Visitor: 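Below is one structure. I have some questions about it.
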Amino acid sequence: MKFFSLVLALLFPVGVSASPASNEPAPRAIWITDVTIISPENLAHVDSGSVLVENGRIARVERKVGSRPPAGAIVVSGEGGFLIPGLIDSHVHLASVPGVTVEMNLNPEAAHAAMLAEYYQQLPRSYLYFGYTTLVDLAVVKREIVDDFRNAPLHPDLYDCGPSLPVANGYPMSFAPPPLRFQLFPNFLYDPAQISSIPAEYKPQDHTPAAAVAADKRVGASCVKTYFEHGFGKDRNLPVITLALAAGVRKAATQNGLVMMMHANSFEAQQFAVDADVDVIAHGMWNWGALDRQPPELPTEIKTLLDRILQKGTGYQATIQVMGGLRAYFDPDYLKAPAIPRVIPPALLAWFNSPEGKWFKKEIDADNTPDADMRQVFDRGPIRRVRQVVGYLASRNANFLFGTDTPSAPTYGNLPGLNGYLEMQQLHDAGLSLEQIFRAATINNAREFKLDSQVGSIEPGKIANLVLLRKSPLESVDAYDSIVAVWIHGRATPRDSLAVSPNK
Ligand SMILES: [Zn+2]
């Protein structure tokens, strides 16, 4: 195809290798020309034109053909292609390795340690491979993981919520054994009702909402993450955050300029989140409690709540792939997807395919129900419910924020980068328009996280985080898998060189 080869020839004109060295500076001026510019502030008038990138920033945007490049600029023809702002995933967990047990991740034996090290090394590139140039990590559990990510030669811009704010002994700190959980979640909220189950060395005054939010602010967080979750399985009666604690977090987050997020995936939890006036609900609603079995109409009580979410403009992360990622264990074709060896190193993929690597399937389905039946359990239950909710919100143009929750559980069904592409398909199937998906993954996220002076659109002054596609994302969702090249701070990388094993 003419366009494809032309672009690749021009992108790397002077023998630049496929994988640029870490300290190699971006060329000073790049003129990306003959390209359709798709940017959220200008969707009504999509035109062909040129974009000048200088010193890692967008210097000029010309929405007409035939403009001349400035003298000395490297010219890149994007003929036939579509230039979009780099994508933003505002819900990831970099420290969790998909498909791997918590113990294996925290304390791996030698053979596994090498496999995990390879995964972490590839991690930033896998996000870039699918066009994600900005990420928000919602709960920093190991500071060195985010530090390593930011120090990688090539990586998406990374923001984080610092250590998260679970209520003492609540989700998710409940998953760790009692003595360890207070170490792993040092920023927990002290509920005086639980005084007997909090070790004496932890003082209430260090774990007030104000103290917890201040601790996140001190480590440079952009947001704070809270939870409303009674739990599931054998841990389904966990303590939850109180309205008084949530009000304290709300006040302190506003004072510190931090985005308040809440893990909430049930009708009850999302009601609480709205009452607590959070900025962002970090999940779709797949648990309807007593209303679970009420198809096919969306129950009136739920519509009333969704109307409040719409009216308040609460940020909404649908995260449908949380369910898709569990369902993947019952889809015999999932691990055969050609994209998986692009984003996951061979040793880890081989382990996923081994009997040991399927341990989590047994956790989801202890009675060995046939795969087809399990797929139906998901499709008729939580996936149906979350789709109905998301479809209702889409038809009324909610403030969708693109977030995947990668990985949401120790599932191999949520792989970095690829999971974003799968989530986009889920959103489209649930009723979001292509324009809504595009806005959710660009300007909506940028605004919510107060990054819109830096990223989220193709406008002068912003960071040159750009993605060149062969297809238009306003025409099909699979355009997001037609990436030719990704610019991060003005530095171009052909997609193929971001893969673990390049396409032949
Ligand atoms: Zn999450």
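This structure is a prediction, so every number in the text was calculated from the model and none was measured. We count ligands from 1, going down the list as the structure has it; atoms in each ligand are counted the same way. Values below: every heavy atom of this structure, side chains too, minus hydrogens, waters and symmetry copies. Heads up: numbering here begins at 1 and tracks the sequence.
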Visitor: Restricting to N, O or S atoms, which atom of Asp405 is closest to the Zn ion (ligand 1)?
Guide: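 Considering only N, O and S atoms, Asp405 comes nearest to the Zn ion (ligand 1) through OD1.
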Visitor: Check His93 and report its N/O/S atom nearest to the Zn ion (ligand 1), by atom name.
Guide: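 This residue's closest N, O or S atom turns out to be NE2.
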Visitor: Who passes salt bridge (Lys or Arg N to Asp or Glu O under 4.0 Å) against Asp160, sequence neighbours left out?
Guide: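 Here the qualifying residues are Arg143, Arg150.
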Visitor: With a 4.0 Å cut-off on N to O distance, would you call Lys312 and Asp277 a salt bridge?
Guide: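 Yes, charged N to carboxylate O under 4.0 Å.
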Visitor: Do the side chains of Arg385 and Asp292 get close enough for a salt bridge, i.e. N-O under 4.0 angstrom?
Guide: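 So Arg385 pairs with Asp292 through a salt bridge.
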Visitor: List the steps, then state whether side-chain hydrogen bond (donor to acceptor under 3.5 Å, both in side chains) holds for Thr304 with Glu301.
Guide: CA-CA 5 Å; Thr304 305; Glu301 302 92 309; over 6 Å; no
Visitor: Is His283 close enough to the Zn ion (ligand 1) that one of its N, O or S atoms comes in under 2.8 Å?
Guide: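 Not a single backbone or side-chain N, O or S atom of His283 is under 2.8 Å from the Zn ion (ligand 1).
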